[in-house]
Amino acid sequence: MPKDADPRECSIADALQIIGERWSLLVIRELVYGVRRFDAIARNTGAPRDILTTRLRKLETAGIVRRELYSERPARYEYHLTESGWELSDVLAVLMSWGDRHINPDDPPVRWTHVCGERLRAQVVCACCGRPVRDGATPTGRGART
C-alpha cells in the first residue's frame with residue numbers, strides 16, 4: 001500500500017472482506033438454490049475442495065452460514081443460510097439482473113419468476129420513497145470524505 005494511502009472507511013469494503021470473493025458468493029448462490037451438501041456445492045461452483053472448505057468456515061464464522069449434522073458416521077454436514085445469509089440473496093438478484101442485461105442479454109442462463117408471476121427484475125429502491133437508489137443518494141458519515 002502506498003505511504004500516503006488513507007483507505008476510506010466503508011461498509012462495502014467491510015462486507016467485501018467476508019463475501020467479496022468469487023467462491024463465497026457462489027456458495028451463497030448454491031444455498032439460495034437449495035443445494036446444501038458439500039459435494040454438490042463443490043460440483044456446482046467448480047471451487048477446489050480446500051478453498052471451498054475455507055470459504056464455508058469463513059461464512060460460518062461470520063454468521064452467514066450454519067452447519068447442521070446429517071450423518072454421524074462419518075460426520076457429514078449440510079449448510080444453511082442464516083437470516084443474514086438470506087439477505088444476501090437480494091445482492092445476488094441484483095448482480096444477476098445486471099449480468100442478464102449487460103453480459104447475457106439475448107439468453108440469460110437462469111431466469112427467476114417472482115411470486116407476482118412475472119420474470120424477476122431486481123432493482124434497489126429506497127425503502128422510504130420507493131425511488132431507485134441510482135436516482136439520487138448522497139453519502140454522509142465518517143467515510144463520506146472526498
Side-chain angles (χ1 to χ4, degrees), residues 1-71 74-116 118-127 131-146:
M1 189 177 298
K3 287 182 182 181
D4 63 342
D6 185 18
R8 180 188 306 274
E9 288 185 65
C10 174
S11 292
I12 296 169
D14 295 341
L16 289 173
Q17 288 292 321
I18 299 169
I19 61 161
E21 190 275 330
R22 171 188 175 94
W23 304 121
S24 297
L25 288 174
L26 292 178
V27 164
I28 294 165
R29 177 200 65 190
E30 290 305 308
L31 295 173
V32 167
Y33 282 12
V35 177
R36 306 274 182 255
R37 297 195 176 169
F38 185 92
D39 288 342
I41 294 169
R43 180 183 65 245
N44 293 346
T45 62
R49 297 177 75 81
D50 58 333
I51 291 174
L52 181 57
T53 298
T54 302
R55 296 306 180 268
L56 283 164
R57 285 184 187 142
K58 185 175 185 178
L59 292 169
E60 186 178 7
T61 299
I64 295 168
V65 169
R66 64 181 164 75
R67 284 189 313 166
E68 287 186 12
L69 187 69
Y70 74 86
S71 174
R76 300 259 190 243
Y77 296 90
E78 287 186 334
Y79 297 89
H80 298 267
L81 291 171
T82 63
E83 185 175 332
S84 166
W86 275 109
E87 287 183 32
L88 290 167
S89 65
D90 296 339
V91 173
L92 293 180
V94 172
L95 279 172
M96 184 182 74
S97 290
W98 184 89
D100 289 352
R101 282 191 310 277
H102 300 287
I103 299 170
N104 296 300
D106 297 326
D107 186 24
V110 175
R111 292 176 179 89
W112 284 81
T113 302
H114 192 257
V115 295
C116 69
E118 296 297 322
R119 180 172 167 207
L120 177 66
R121 292 184 320 182
Q123 180 181 17
V124 180
V125 299
C126 174
R131 291 177 55 198
V133 170
R134 69 173 167 247
D135 282 357
T138 304
T140 60
R142 70 181 182 275
R145 63 182 163 75
T146 56

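- Closest heavy-atom contact between Ser84 and Gly63: CB-O, 3.8 Å.
- Enclosure of atom CZ in Arg131 is not indicated, since only 12 or fewer non-hydrogen atoms of other residues, nucleotides or ligands lie within 6.0 angstrom.
- Residues passing the side chain to side chain contact (heavy atoms under 4.5 Å, CB included) test with Arg57 are Thr53, sequence neighbours excluded.
- For Val125 against Val133, the heavy-atom pair with the smallest separation is C-CG2, 4.0 Å.
- Nearest heavy atoms, Gly85 versus Ile28: O-CG2, 4.4 Å.
- Once rounded to the nearest 0.5 Å, the distance linking CZ of Arg36 with CD of Glu30 reads 10.5 Å.
- A distance of 7.5 Å separates CG of Leu52 from OH of Tyr79, quoted to the nearest 0.5 Å.
- Between Leu56 and Tyr77 the shortest side-chain heavy-atom distance does not fall below 4.5 Å.
- Between the CG atom in Leu25 and the OG1 atom in Thr45 there is a gap of 11.5 Å [rounded to 0.5 Å].
- For the side-chain contact (heavy atoms from CB on, under 4.5 Å) with Val27, the lone residue among Ile19, Leu59, Ile64 that qualifies is Leu59.
- Looking at Thr54, its side chain does come within 3.5 Å of a backbone N or O of Asp50 through a donor-acceptor pair.
- Leu31 is not listed as a side-chain neighbour of Trp86, based on a closest heavy-atom distance of 4.5 Å or more.
- Pro109 and Asn104 get closest at one heavy-atom pair: CD-ND2, 3.7 Å.
- Within 6.0 Å of the CZ atom in Arg142, the count of heavy atoms belonging to other residues, nucleotides or ligands does not exceed 12.
- Other residues, nucleotides and ligands contribute over 12 non-hydrogen atoms within 6.0 Å of the CD atom of Glu68.
- In this structure, the separation between CZ on Arg119 and CG on Asp100 is 5.0 Å, given to the nearest 0.5 Å.
- Between the side chain of Ser11 and the main chain of Asp14, no donor-acceptor pair closer than 3.5 Å is present.
- Summarising the geometry of Ala144 relative to Arg8, their closest heavy-atom pair is C-NH1, 3.6 Å, with the distance given to 0.1 Å.
- Within the 4.5 Å cutoff, the side chain of Arg29 has no heavy atoms near those of the Leu88 side chain.
- The number of heavy-atom neighbours closer than 6.0 Å to CD1 of Ile12, taken from other residues, nucleotides and ligands shown, is 12 or below.
- Smallest separation of non-hydrogen atoms from Ala122 and Ser97: N-OG, 3.1 Å.
- Other residues, nucleotides and ligands place more than 12 heavy atoms under 6.0 Å from the CD atom of Gln123.
- Pairs passing the salt bridge (Lys or Arg N to Asp or Glu O under 4.0 Å) check and including a residue from residues 75-97, sequence neighbours excluded, read Arg37-Glu78.
- Of the inter-residue distances, the one linking Phe38 atom CZ with Arg43 atom CZ reads 12.5 Å to the nearest 0.5 angstrom.
- We find the CD1-CD distance between Ile51 and Glu21 to be 7.0 Å, quoted to the nearest 0.5 Å.
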